[in-house]
Amino acid sequence: MKEIAIKGTERVPGGKKAARQMRREGLVPCVLYGEKRGENGLPEATAFSVSEKEINKVVFTPHIYLVNVNIDGTEHKAVVKEIQFHPVKDNVLHVDFYEVTPEKPIVMGVPIQTAGLAPGVRAGGRLTAMLRKLDVRAKYTDIPEKLTIDVSHLELGKSIKVGELSFENMELVTPKEVVVITIKMTRAARSAADQAAAQA
């Protein structure tokens, strides 16, 4: 997994007014949920702010990152858990980070990529990825940048479901019955099939 570093400044949690003022100054409110637990058993949270320019490097990218978060000189390794966007402008309003350790598994969405030429594509079908990411549970040190799925056996009209996949040192969390990739019949492929049937 790629790594990226951002710098933040601890802040006192405030209401909507304080958050709006922060955004006017080019800052994005963030929260880091740490490994330590409070008296209620919930992860202890650190509120901090990061410049919009820095946070955009983490958010607006096709990659997944292990984020090295520096808050006032203290380093934390974390992953992004939740992002809130403005409903109209699409800019980032708030980001939640979750601190990670090499020993503890985490759940993360990992982008997929295909490998091989599917027979169904050679027959005129269109390969379609129904998902962009698969949710996996693993130690962050075992999570790759992408999950490669072999489609060299996939015939026209056939699909690959989550339950048919497996990856080393990772548990797939996405439900087994979900279709990941399919070869859809195109109009041209259907026409060719009809012609072949008529000549048979």
- Heavy atoms, side chains only, cut-off 4.5 Å: are Lys77 and Tyr140 in contact? yes
- side-chain contact (heavy atoms from CB on, under 4.5 Å) assessment of Leu172 paired with Asp135: CA-CA 6 Å; Leu172 291 172; Asp135 291 334; over 6 Å; no
- Item | Inter-residue atom distance Phe48.CZ - Phe97.CZ, 0.5 Å rounding | 5.0 Å
- Look at the side chain of Thr182 and the backbone N and O of Lys184, then say whether any donor-acceptor pair between them is shorter than 3.5 Å. no
- Query: Which heavy atom of Ile183 sits nearest a heavy atom of Ala118, and at what distance?
  - Reply: CD1-CB, 3.8 Å
- Item | 4.5 Å side-chain heavy-atom contact, Asn169 and Thr141 | no
- List the atom of Pro119, the atom of Ser152, and the distance in Å for their closest heavy-atom pair. CD-O, 3.2 Å
- Item | Heavy-atom side-chain contact between Leu156 and Lys158 under 4.5 Å | no
- Joint hydrophobic cluster, Met108 plus Val178, side-chain heavy atoms closer than 4.5 Å: yes
- Query: Going through the checks in order, is the side-chain contact (heavy atoms from CB on, under 4.5 Å) test met by Leu131 and Thr174?
  - Reply: CA-CA 10 Å; Leu131 301 175; Thr174 303; 4.2 Å; yes
- Heavy atoms only: give me the nearest Tyr65-Lys57 pair and the separation to one decimal. CE1-O, 3.9 Å
- Side-chain heavy-atom pair Ile160, Val179 within 4.5 angstrom cut-off: no
- Is any side-chain heavy atom of Val95 closer than 4.5 Å to a side-chain heavy atom of Glu82? no
- Taking the side chain as every heavy atom from C-beta outward, state whether Ile64 and Lys2 have any pair of such atoms under 4.5 Å apart. no
- Item | Reported CD1-to-CD1 distance for the pair Ile6 and Ile55, which is rounded to 0.5 angstrom | 4.5 Å
- Note on the structure: The residue among Val80, Asn91, Val92 that forms side-chain contact (heavy atoms from CB on, under 4.5 Å) with Val59 is Val92
- Task: Could you tell me whether the side chains of Glu3 and Asn68 share a donor-acceptor contact shorter than 3.5 Å?
- Result: yes
- Message: Is there a path of hydrophobic side-chain contacts, each under 4.5 Å between heavy atoms of I/L/V/M/F/W/Y residues, joining Val100 to Val58?
- Response: no
- Message: For the CD1 atom of Ile149 and the CZ atom of Phe167, what is their distance to the nearest 0.5 Å?
- Response: 5.0 Å
- Query: Given side chains that start at C-beta, do those of Arg23 and Val28 come closer than 4.5 Å, heavy atoms only?
  - Reply: no
- Message: Quick check for you: to the nearest 0.5 Å, what is the distance between Leu154 atom CG and Leu127 atom CG?
- Response: 6.5 Å
- Report the residues that fulfil salt bridge (charged side-chain N to carboxylate O under 4.0 Å, His left out) with Glu171, sequence neighbours left out, ordered by chain and then residue number. Arg137
- Does CD in Glu164 sit with more than 12 non-hydrogen atoms of other residues, nucleotides or ligands closer than 6.0 Å? yes
- Query: Is the NZ atom of Lys81 crowded by more than 12 outside heavy atoms at less than 6.0 Å?
  - Reply: yes
- Task: List the steps and the verdict of side-chain contact (heavy atoms from CB on, under 4.5 Å) for Glu75 and Asn70.
- Result: CA-CA 5 Å; Glu75 297 279 352; Asn70 183 312; 3.1 Å; yes
- Side chain of Asp72, backbone of Glu10: donor and acceptor closer than 3.5 Å? yes
- Message: Counting C-beta onward and ignoring hydrogens, is there a side-chain heavy-atom pair between Pro144 and Met170 closer than 4.5 Å?
- Response: yes
- Message: Let's go through Leu165 and Leu134 carefully: what are the C-alpha distance in whole Å and the side-chain angles of both, what is the deciding distance for side-chain contact (heavy atoms from CB on, under 4.5 Å) to 0.1 Å, and is it a yes or a no?
- Response: CA-CA 11 Å; Leu165 301 172; Leu134 287 175; 4.0 Å; yes
- Item | Shortest non-hydrogen contact from Gly34 toward Glu99 | CA-OE1, 3.3 Å
- Query: Cluster question for you: counting only ILVMFWY and a side-chain heavy-atom cut-off of under 4.5 Å, with indirect links fine, are Val31 and Tyr98 together?
  - Reply: yes
- Message: Hydrophobic clusters here meaning ILVMFWY residues chained together by side-chain heavy-atom distances under 4.5 Å, can you tell me if Val136 and Ile181 are in one?
- Response: yes
- Note on the structure: Correct closest heavy-atom pair for Glu103 and Lys139 would be O-CE, 3.5 Å
- Message: Measuring from atom NE2 of His63 to atom CD of Glu145, what distance do you get when rounded to the nearest 0.5 angstrom?
- Response: 7.0 Å
- Task: For Lys133, check salt bridge (charged side-chain N to carboxylate O under 4.0 Å, His left out) against everything at least two apart and list the hits.
- Result: none
- Item | Separation between CG of Leu27 and CD of Gln21, rounded to the nearest 0.5 Å | 9.5 Å
- Message: Hydrophobic cluster membership, with links at side-chain heavy-atom distances under 4.5 Å among I/L/V/M/F/W/Y: are Phe60 and Leu66 in one?
- Response: no
- So, for Val162 and Val180, which heavy atoms are closest and what is the spacing to 0.1 Å? CG2-CG2, 3.5 Å
- Query: For Thr46, does its backbone N or O pair with a side-chain atom of Arg11 as donor and acceptor, under 3.5 Å?
  - Reply: no
- Query: Should the heavy atoms of other residues, nucleotides or ligands under 6.0 Å from CZ of Arg132 be counted, would the total exceed 12?
  - Reply: no
